[in-house]
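So the structure is just underneath, and the comments pick up after that.
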Amino acid sequence: EIDSFNIENADDPEKPFVYSFKIKAPGFAQRTGRRLFFNPNVFERSSQPKFTANTRKYDVYISYPYSEEDDISIEFPSGFTLENAEMPGGIRDQQGIGSHESKAFLLEDGKAIRYTRQFSFGNGGHIRFPVESYNAIKALFEAFNKADVHQLTLRAETSASAPAN
């Protein structure tokens, strides 16, 4: 369910588009026993690597430089707490053409996290790459994808009122 959908800066080309909304997604996490595994990057949850071929015949051309910033708050289901909040480190190539950084912060009440992601590619106007650099570009986008599909873990709280076996 999507609620409170809002778009900002649609009429100002000098400012970035800002989309804000609330999503309710039952069944979003995968449950195993007392744990829930979920991807905090809801926009890239099922994404696949951009380049899958082992070899390439032609240059790589990205249509334009681009960047994305995500700021997502996720409320935990009742009775669950964050067990594992490890995040991948920042990813950058040596030339500064692409970067990816994601962070997760437990909010004060312990019942939600804030996930942020900053991604950019084509920095410095670099959008065309010779076929010889394909393996490096492929590896960089695989690292971006691995960070995008990273999962966090919630654990069911033990309850003193739970029935004994």
Side-chain angles (χ1 to χ4, degrees), residues 1-12 15-53 62-93 96-123 137-165:
E1 295 175 28
I2 297 177
D3 190 21
S4 305
F5 190 84
N6 187 37
I7 299 175
E8 298 174 29
N9 304 326
D11 57 351
D12 189 343
K15 294 181 180 177
F17 282 121
V18 176
Y19 299 92
S20 60
F21 46 90
K22 293 182 180 185
I23 299 174
K24 186 175 183 179
F28 180 74
Q30 298 170 347
R31 186 175 195 139
T32 58
R34 299 180 54 83
R35 290 185 174 90
L36 292 175
F37 298 93
F38 72 100
N39 183 328
N41 187 349
V42 298
F43 302 114
E44 299 290 335
R45 179 181 180 209
S46 301
S47 70
Q48 299 295 314
K50 190 173 195 79
F51 301 103
T52 57
I62 307 295
S63 299
Y64 48 85
Y66 65 104
S67 64
E68 300 171 349
E69 290 186 29
D70 300 324
D71 189 341
I72 303 168
S73 295
I74 300 173
E75 294 178 17
F76 305 152
S78 179
F80 283 85
T81 58
L82 187 63
E83 179 179 76
N84 177 8
E86 285 185 26
M87 295 298 296
I91 302 164
R92 289 174 179 68
D93 65 288
I97 296 167
S99 67
H100 181 289
E101 184 157 358
S102 56
K103 296 178 182 175
F105 308 93
L106 188 62
L107 297 179
E108 289 180 27
D109 63 1
K111 302 287 184 198
I113 63 162
R114 180 176 175 198
Y115 169 84
T116 61
R117 173 181 170 264
Q118 293 183 326
F119 171 82
S120 66
F121 191 81
N123 301 326
I137 295 296
K138 181 179 186 282
L140 183 60
F141 274 90
E142 285 173 349
F144 293 156
N145 180 256
K146 184 176 180 180
D148 280 339
V149 299
H150 180 77
Q151 292 188 332
L152 299 180
T153 308
L154 299 178
R155 183 179 182 101
E157 297 171 343
T158 56
S159 173
S161 62
N165 289 339

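Throughout, residue positions are numbered sequentially from 1 according to the sequence presented. Please read all numbers here as calculations on a predicted model, not as lab measurements.
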Problem set entry | Residues forming a ring pair (Phe, Tyr, Trp, His ring centres under 6.0 Å) with F141, sequence neighbours excluded | F51, F121, F144
For this session: Using the salt bridge (Lys or Arg N to Asp or Glu O under 4.0 Å) rule, collect all pairs that involve residues 36-52, keeping only residues at least two apart or in two chains.
Result: none
Problem set entry | Steps toward side chain to side chain contact (heavy atoms under 4.5 Å, CB included) verdict (I113, L152) | CA-CA 10 Å; I113 63 162; L152 299 180; 3.6 Å; yes
Pairs of donor and acceptor atoms involving the side chains of residues 98-109, under 3.5 Å and at least two apart or interchain, shall be tabulated with distances.
residue: S99; atom: OG; partner: S120; partner atom: OG; Å: 3.1
residue: H100; atom: NE2; partner: R117; partner atom: NE; Å: 3.4
residue: H100; atom: NE2; partner: D148; partner atom: OD1; Å: 2.7
residue: E101; atom: OE1; partner: R92; partner atom: NH2; Å: 3.2
residue: D109; atom: OD1; partner: K111; partner atom: N; Å: 2.9

Problem set entry | Where A29 and L36 come nearest, the two heavy atoms and their spacing | CB-CB, 4.0 Å
Problem set entry | Contacts of R31 that satisfy salt bridge (Lys or Arg N to Asp or Glu O under 4.0 Å) - sequence neighbours left out | none
Problem set entry | Residues forming a side chain to side chain contact (heavy atoms under 4.5 Å, CB included) with A10, sequence neighbours excluded | I7, F17
Problem set entry | Which residues share a side chain to side chain donor-acceptor pair (under 3.5 Å) with E142, sequence neighbours left out | K138
Seminar exercise, completed: Residue pairs passing the ring-ring contact (aromatic ring centres under 6.0 Å, His included) test with at least one member in residues 28-50, sequence neighbours excluded, are none
Problem set entry | Side chain proximity check, N145 to S47, heavy atoms < 4.5 angstrom | yes
Seminar exercise, completed: d(Q151 CD, Q30 CD) to nearest 0.5 Å is 5.5 Å
For this session: Using ring pair (Phe, Tyr, Trp, His ring centres under 6.0 Å) as the criterion, list what pairs up with Y115, not counting sequence neighbours.
Result: none
For this session: Taking all non-hydrogen atoms of both residues into account, name the closest pair between E157 and R34 and its distance.
Result: O-NH2, 3.4 Å
Can you give me every donor-acceptor pair (side chain of residues 71-78, partner residue at least two apart or in another chain, under 3.5 Å) with its distance?
residue: D71; atom: OD1; partner: R114; partner atom: NE; Å: 2.8
residue: D71; atom: OD2; partner: R114; partner atom: NE; Å: 3.4
residue: D71; atom: OD2; partner: R114; partner atom: NH2; Å: 2.5

Problem set entry | Flag side-chain contact, heavy atom, 4.5 Å: V149 against N41 | no
Exercise. Does some side-chain heavy atom of I91 sit less than 4.5 Å from a side-chain heavy atom of L140?
Worked result: yes
For this session: Keeping to residues at least two apart or across chains, list the side chain to side chain donor-acceptor pair (under 3.5 Å) pairs with something in residues 1-10.
Result: none
Seminar exercise, completed: Those residues at least two apart in sequence (or on a different chain) that pass ring pair (Phe, Tyr, Trp, His ring centres under 6.0 Å) with Y66 are F119
Exercise. Is a side-chain N or O of N39 found less than 3.5 angstrom from the main chain of V42, in a donor-acceptor match?
Worked result: no
Exercise. Looking only at heavy atoms, what is the nearest atom pair of E83 and R35, with distance?
Worked result: OE1-NE, 2.8 Å
Exercise. Who pairs with F5 by ring pair (Phe, Tyr, Trp, His ring centres under 6.0 Å), at least two apart in sequence or on another chain?
Worked result: F21
